[in-house]
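To keep things clear, I will list the structure first and then write my remarks on it.
Remember, predicted model here, so these are calculated numbers, not experimental data. A note on names: the letters A, B, ... follow the listed sequences, proteins ahead of strands, and every chain is numbered from 1.
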Amino acid sequence: MQEALRPLVDLVGPGPATPVMVAGLDVAYAQSGDLLAAAVTVLDARTLAVVDSAVSVGRPAFGYVPGLFAFRELPALLAALDRLSTRPDLLVCDGHGLAHPRRFGLACHLGVVTGLPAIGVGMTPLIGEWDPVQRGRGSWSPLRDGGDVVGRVVRTQDGVKPVFVSVGHRMSLDNATTQVFALAPRYRLPETTRTADRLCREALARAR
DNA sequence: GCGACAG
DNA sequence: ATCTTGTCGC
């Protein structure tokens, strides 16, 4: 299925230079493992204020299998997106896009299914190799796999562990990197990820 | 055959 | 992802 959908990824579109409505998506799980809450928060990119949000509580649709992560979280994330009253200009996903064994991670899958520009911001690597990244905020190093540049290892704050940025859909890698720096002025993770993370955690706590 | 392996 | 205990730095 991933190999069939992969050709639908738009690698040409540079994406919006100045997106205003930027969405963060994240999922929290109950310890029992049979309940999850997905959240989407929409931020005004100019102020980083949350202007819209939605949640969806449900069951994991699939076990956790590295490389098949989207099949686990996609249904709940799409349900939350459907409950949004705003149309995001960009989806910032918790996981990878092209930095995937078949070049079709969660961010690509979400992008293709919704038709929206999407990028992946992962906290740990799935594939690829990279040279050490300089210590300062703004530094990055190409993430390479099998001769392809599949993303960038990005330092969002001085001395913090880098994050892994990759293209999902309708965005250039340059623009994806620019957006991540703009969304992470103070902390390691983009504000989109931070607000979505808090929301899905509280939605889960409320649900159980 | 062995190790790695988004969340 | 979640849980646990402790440590480091600002």
Fit a plane to each ring of Phe164(A) and Trp130(A), take the angle between them on a 0 to 90° scale, and name the class: parallel (under 30°), tilted (30 to 60°) or perpendicular (over 60°). perpendicular

Describe the nucleic acid contact of Leu68(A) in one word from base, sugar-phosphate, nothing, applying a heavy-atom distance below 4.0 Å. base

Dump the intermediate steps for side chain to side chain donor-acceptor pair (under 3.5 Å) on Ser32(A) and Asp34(A), then the final yes or no. CA-CA 6 Å; Ser32(A) 42; Asp34(A) 53 356; 2.8 Å; yes

Report the secondary structure of DNA chain C in dot-bracket form, marking unpaired bases with a dot and bases paired to a different strand with |, and treating Watson-Crick or G-U pairs with both distances under 3.5 Å as paired. ..........

OP1 or OP2 of dC5(B) under 4.0 Å from side-chain N/O of Thr124(A): no

Under 4.0 Å from OP1 or OP2 of dA6(B): is there any side-chain N or O of Tyr64(A) that close? yes

Of the candidate nucleotides dG7(B), dC5(B), dT2(C), which contains the atom at the shortest distance from the side chain of Ala28(A)? dT2(C)

Specify the separation, in whole Å, of atom CZ of Arg102(A) and atom P of dC5(B). 16 Å

Name the nucleic acid region contacted by Pro125(A), choosing base, sugar-phosphate or nothing; use a 4.0 angstrom heavy-atom cut-off, strictly under. sugar-phosphate

Nearest-angstrom distance from the residue atom CD of Gln157(A) to P of dC10(C): 14 Å

Looking at every strand, decide which applies to Gly122(A) at a 4.0 Å heavy-atom threshold: base, sugar-phosphate, or nothing. sugar-phosphate

Using whole Å, report how far CG of Leu106(A) lies from C1' of dA1(C). 13 Å

Taking CG from Leu143(A) and P from dC5(B), how many angstroms apart are they, rounded to a whole number? 13 Å

Would you say Leu25(A) ends up clustered with Val92(A) if hydrophobic residues are merged whenever their side chains have heavy atoms under 4.5 Å apart, either directly or through other cluster members? no

Whole-Å distance, Asp158(A) CG to dC8(C) P, equals 22 Å

Once you apply a heavy-atom cut-off of 4.0 Å, does Gly67(A) come out as touching a base, just sugar-phosphate, or nothing? base

Once pairs are restricted to Watson-Crick or G-U wobble with both distances under 3.5 Å, how does DNA chain B read as a dot-bracket string, [ ] for crossings and | for other-strand pairs? .......

Criterion side chain to side chain contact (heavy atoms under 4.5 Å, CB included) on Val150(A) and Ser166(A), from CA distance to verdict: CA-CA 6 Å; Val150(A) 296; Ser166(A) 59; 5.9 Å; no

Closer than 4.0 Å, any side-chain N/O of Arg72(A) to the OP1 or OP2 of dA6(B)? no

Sugar-phosphate only, base, or nothing, as touched by Phe69(A) at under 4.0 Å among non-hydrogen atoms: base

Answer with base, sugar-phosphate or nothing: what part of the nucleic acid does Ile127(A) contact at a heavy-atom distance below 4.0 Å? nothing

Residue Leu126(A), side-chain atoms from C-beta onward, closest of dG7(B), dA6(B), dT2(C): dA6(B)

Are Phe181(A) and Ile119(A) connected, step by step, through hydrophobic side chains (Ile, Leu, Val, Met, Phe, Trp, Tyr) whose heavy atoms are closer than 4.5 Å? yes

His96(A) and Phe69(A): aromatic ring centres closer than 6.0 Å? no

Whole-Å distance separating the CZ atom of Phe71(A) from the P atom of dG7(B): 18 Å

Hey, quick one: are Trp140(A) and Leu183(A) part of the same hydrophobic cluster, counting side-chain heavy atoms closer than 4.5 Å, chains of contacts allowed? yes

Under 5.5 Å centre to centre and under 30° between planes: does that hold for Phe164(A) and the six-membered base ring of dA6(B)? no

Asp89(A) bridged to Arg170(A) by N-O distance under 4.0 Å: no

Identify the heavy atoms of Asp197(A) and Arg201(A) that sit nearest to each other, and give their distance. OD2-NE, 2.8 Å

Leu110(A) atom CG is separated from dG7(B) atom P, nearest whole Å, by 15 Å

Run the side-chain hydrogen bond (donor to acceptor under 3.5 Å, both in side chains) test against Asn175(A) and tell me which residues pass, sequence neighbours left out. Gln179(A)

If I take atom CZ in residue Arg59(A) and atom C1' in nucleotide dA1(C), what distance separates them, rounded to the nearest angstrom? 16 Å

